[in-house]
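Only a predicted model underlies this, so the values are computations on that prediction, with no experimental measurement involved.
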2 protein chains.
Amino acid sequence: MQADKVFKALGDPTRRKLLDLLCEKNGQTLGQLCENLDMARQSATQHLEILEAANLVSTVRRGREKLHFINPVPLHEVYERWVRKFERQRLSLLHDLKKELEGE
Amino acid sequence: MQADKVFKALGDPTRRKLLDLLCEKNGQTLGQLCENLDMARQSATQHLEILEAANLVSTVRRGREKLHFINPVPLHEVYERWVRKFERQRLSLLHDLKKELEGE
DNA sequence: AGAATATGCAGGTAAATACCTGCATGTCAA
DNA sequence: TTGACATGCAGGTATTTACCTGCATATTCT
């Protein structure tokens, strides 16, 4: 997993919207995705390239079209490494701050 | 939740390291955190400000020191919105791609 | 074949980002 | 009260990012 690419990919509202669009209807072409985006096609292409580099989207060429599919695996890995770790200690981490605010 | 700030905050290795450092020992001062970072103090301050703006870190002033505490809540919210959604459909999303690769 | 369609490639710009140095302020302790 | 220490503030630079326009290539359909 490359946490860096995954988080950077998710750190942009356009790219999160692309994931949501693909979640509604997987396997859309570049053109279909662009219809929902309000930016030039080439800008959308760049966003999709970033999602692909983060392995969050896989593509398949079909004739002159390019189909885009969500790959949920990196999200799961990010969750395992970056969310569960803190989730496990959630209450004790909050307790640390509370104790300090109350004056030790 | 501000997904944008949270993901952008997580999209930098220094900031993820800061979270790991605080996870090992919560409530560290700026100076303590800097000792583990290999960059100027002011650069670390900027990273901590970004984590604080994303609400991933809360601070408490104690005399001339500033203590830093992890706040795990935004991570949990990001998980609920951005991971569980895809996790629920994980197998069907992967199936879409597999089907396409096999030629419909 | 030729026109329409879908995507790729090559730049170019403005704003954001991640660093830095230098100096100022506030706090503690002898 | 003065020196040492912890942090804050101001500004400066190089790189990355998120857009764009214009043109090229590849595929389909008539």
- Query: Is the shortest distance from a Lys or Arg side-chain nitrogen in A:Glu87 or A:Arg90 to a carboxylate oxygen in the other one below 4.0 Å?
  - Reply: yes
- Heavy-atom donor-acceptor pair, B:Gln28 side chain to B:Leu21 backbone, under 3.5 Å: yes
- Sole candidate of B:Asn71, B:Leu75, B:Ile70 that passes side-chain contact (heavy atoms from CB on, under 4.5 Å) when paired with B:Leu56: B:Leu75
- Which is the 5'-most and which the 3'-most nucleotide of DNA chain C that has an atom under 4.0 Å from a heavy atom of chain A? C:dA4 to C:dA10
- Query: When rounded to the nearest 0.5 angstrom, what is the spacing between CG in B:Leu18 and CG in B:Leu33?
  - Reply: 6.0 Å
- Task: Answer yes if B:Val83 and A:Val73 sit in the same cluster of Ile, Leu, Val, Met, Phe, Trp and Tyr residues linked by side chain heavy atoms under 4.5 Å apart, and no otherwise.
- Result: no
- Query: Counting just side-chain N and O atoms, does B:Lys66 come under 4.0 Å of either OP1 or OP2 of D:dG8?
  - Reply: yes
- Those residues of residues 53-60 of chain A lying under 4.0 Å from DNA chain C by at least one heavy atom: none
- Distance (rounded to the nearest 0.5 Å) between B:Leu10 CG and A:Asp4 CG: 10.5 Å
- Message: Between A:Asp20 and B:Arg81, does any NZ, NE, NH1 or NH2 come within less than 4.0 Å of an OD or OE carboxylate oxygen?
- Response: yes
- Item | Distance, nearest 0.5 Å, that separates CG of B:Leu37 from CD of B:Gln32 | 12.0 Å
- Let me know, please, whether A:Lys8 or A:Glu65 comes out on the 5' side of the other along DNA chain D by nearest nucleotide. A:Lys8
- Upstream residue (5' side of DNA chain C) when A:His68 and B:Arg64 are each assigned their closest nucleotide: A:His68
- Query: Does the side chain to side chain contact (heavy atoms under 4.5 Å, CB included) test come out yes or no for B:Ile50 and B:Lys8, once each step is laid out?
  - Reply: CA-CA 9 Å; B:Ile50 289 170; B:Lys8 276 185 177 145; over 6 Å; no
- Message: For residues 47-81 of chain A, which residue pairs pass the ring-ring contact (aromatic ring centres under 6.0 Å, His included) check, not counting sequence neighbours?
- Response: A:Tyr79-B:Tyr79
- For DNA chain D, determine which residues of residues 9-35 of chain B have any heavy atom closer than 4.0 angstrom to one of its atoms, and list them numerically. B:Thr29, B:Leu30, B:Gly31
- Note on the structure: Separation between SG (A:Cys34) and CD (A:Gln42), nearest 0.5 Å, reads 9.5 Å
- Query: If an axis is fit to five pairs at each end of the helix from C:dA1-D:dT30 to C:dA30-D:dT1, what is the angle between the two, to the nearest 10°?
  - Reply: 30°
- Message: Let's see if you get this right: which residues in residues 39-47 of chain B place a heavy atom under 4.0 Å from DNA chain C?
- Response: B:Met39, B:Ala40, B:Gln42, B:Ser43, B:Gln46, B:His47
- Query: From A:His95 NE2 over to A:Leu97 CG, what is the distance, rounded to the nearest 0.5 angstrom?
  - Reply: 11.0 Å
- Look at the side chain of A:Lys17 and the backbone N and O of A:Asn36, then say whether any donor-acceptor pair between them is shorter than 3.5 Å. yes
- Drop me the distance from B:Met39's CE to B:Thr45's OG1, to the nearest 0.5 angstrom. 10.5 Å
- Query: Any chain of hydrophobic side-chain contacts (each under 4.5 Å) joining B:Leu94 to A:Val57?
  - Reply: no
